[in-house]
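Worksheet: one structure, shown below.
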Amino acid sequence: MSDRADHVGPAGGHRSTGPRHHGADPASVRAFFAPKAATWDTKFPDDTPAYEAAVAELRLRPGDRVLDAGCGTGRALAACRAAVGADGVVIGADLTPQMLAEAARAGRDRIALLAEADASRLPLRDGVLDAVLAAGLVHHLGDPAEGLREFARVCRPGARLALFHPIGRAALAARRGHTLTPDDVRAEPNLRPLLARTGWTLAAYDDSDERYLALAVRDQG
């Protein structure tokens with residue numbers, strides 16, 4: 001791992017943050033995901049190519065610094081490492097320690113820094129990242145605007161953000177027997193102005209059956 005991680009490292013030298021006391025309930029999030037961690041990768045064995053394609057959309061370059069926010073078991077970390085090379089920095093952050101333990105068990109701690117952290121309060125300095133991948137995350141945040149502002153804080157101007165899911169909203173809702181609602185934060189009419197208010201410009205949007213991918217660019221200044 002490159003020593004460039006020292007320059008990205010968590011503000012104040014800490015690699016985890018405590019739970020928030022407003023918005024999303026971290027305890028509930030952990031309680032939901034913890035029992036699913038051990039079988040997460042085997043439950044979704046065919047998602048790796050979709051994650052690799054999403055990482056490719058970030059246009060990472062050798063030496064870049066990238067965060068997988070809400071990384072779960074870290075299925076995107078290998079693609080991130082391949083893109084940024086040995087001189088780059090890859091960070092996987094997740095709120096659920098059991099997910100991070102599975103990532104480490106799979107050896108992904110050897111290719112990325114793993115941190116237990118709230119996506120809305122990241123233990124990173126301002127402006128240190130070149131890209132953020134957030135897979136299946138933004139609609140779970142208690143305050144999506146707060147999370148998107150936090151991503152903007154830790155990114156340099158011109159950095160790229162990918163909000164991703166390996167299946168589109170309608171297909172996922174049908175699979176789960178749910179109905180899409182107009183207030184879904186992931187819908188383009190809602191997401192575009194939300195990104196604009198939080199330091200991002202929506203650059204591309206794909207909500208097909210095959211995937212959900214919203215790409216945004218960090219505003220200048």
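In this chain, residues are counted from 1 in sequence order. Small disclaimer: the values here were computed from a predicted structure and weren't measured.
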4.5 Å side-chain heavy-atom contact, L67 and L122: yes
R156 side chain vs L129 backbone, donor-acceptor pair below 3.5 Å: no
Side chain to side chain contact (heavy atoms under 4.5 Å, CB included) assessment of L161 paired with C155: CA-CA 9 Å; L161 168 68; C155 281; over 6 Å; no
Side chain to side chain, L202 and L215, heavy atoms closer than 4.5 Å: no
Point-to-point distance, once rounded to the nearest 0.5 Å, from OG1 of T201 to CG of L195: 8.5 Å
Contact check, side chains of P97 and R30, non-hydrogen atoms, under 4.5 Å: yes
Short side-chain to backbone donor-acceptor contact, N190 and D184, under 3.5 Å: yes
same_hphob_cluster(V128, V217) at 4.5 Å side-chain heavy-atom cutoff: no
Distance-only polar pair, side chains of S120 and D143, donor-acceptor under 3.5 Å: no
Backbone of R61 reached by a side-chain donor or acceptor of D64 within 3.5 Å: yes
Residue pairs passing the ring pair (Phe, Tyr, Trp, His ring centres under 6.0 Å) test where at least one lies in residues 145-166, sequence neighbours excluded: Y51-F164
Closest non-hydrogen atom pair, Q220 against P157: OE1-CB, 3.4 Å
Side-chain heavy atoms of L148 within contact of L194, under 4.5 Å: yes
Test item: V55 and L133 side chains (from C-beta on) under 4.5 Å apart, heavy atoms: yes
Test item: D130 side-chain N/O and V66 main-chain N/O as donor-acceptor pair under 3.5 Å: no
For R105, all residues meeting side chain to side chain contact (heavy atoms under 4.5 Å, CB included), sequence neighbours excluded: E102
Shortest non-hydrogen contact from G92 toward L100: O-CD2, 4.3 Å
Separation between CG of D207 and CZ of R169, rounded to the nearest 0.5 Å: 4.5 Å
Closest non-hydrogen atom pair, A119 against L141: CB-CD2, 4.2 Å
For F44, all residues meeting ring pair (Phe, Tyr, Trp, His ring centres under 6.0 Å), sequence neighbours excluded: W40
Minimal non-hydrogen separation, A131 against L60, with atom names: CB-CD2, 3.6 Å
Check against side chain to side chain contact (heavy atoms under 4.5 Å, CB included), I91 and L124: CA-CA 10 Å; I91 304 168; L124 296 170; 3.8 Å; yes
Exercise: identify the closest heavy-atom pair between R186 and Y205: O-OH, 2.8 Å
Listed once per pair and sorted, the ring pair (Phe, Tyr, Trp, His ring centres under 6.0 Å) pairs that draw on residues 117-136, sequence neighbours left out: none
Polar side-chain atom of D47 near backbone of I167 as donor-acceptor pair, under 3.5 Å: no
Derivation of the side chain to side chain contact (heavy atoms under 4.5 Å, CB included) call for R160 and R218: CA-CA 6 Å; R160 292 171 68 83; R218 175 70 168 90; over 6 Å; no
Minimum side-chain heavy-atom gap Y212-P166 below 4.5 Å: no
Over all atoms of both residues, closest heavy-atom pair of L213 and E57: CD2-CG, 3.5 Å
Interatomic distance, L113 atom CG to D68 atom CG [nearest 0.5 angstrom]: 12.5 Å
Rounded distance (nearest 0.5 Å) linking atom SG of C80 with atom CD of E52: 10.5 Å
Pairs touching residues 32-41 that satisfy salt bridge (charged side-chain N to carboxylate O under 4.0 Å, His left out), sequence neighbours left out: D41-R108
For residues 170-181, tabulate all N or O donor-acceptor pairs below 3.5 Å that involve a side-chain atom, not counting sequence neighbours.
from : atom 1 : to   : atom 2 : distance (Å)
T181 : OG1    : D183 : OD1    : 2.5

salt_bridge(E150, R153) N-O dist < 4.0 Å: yes
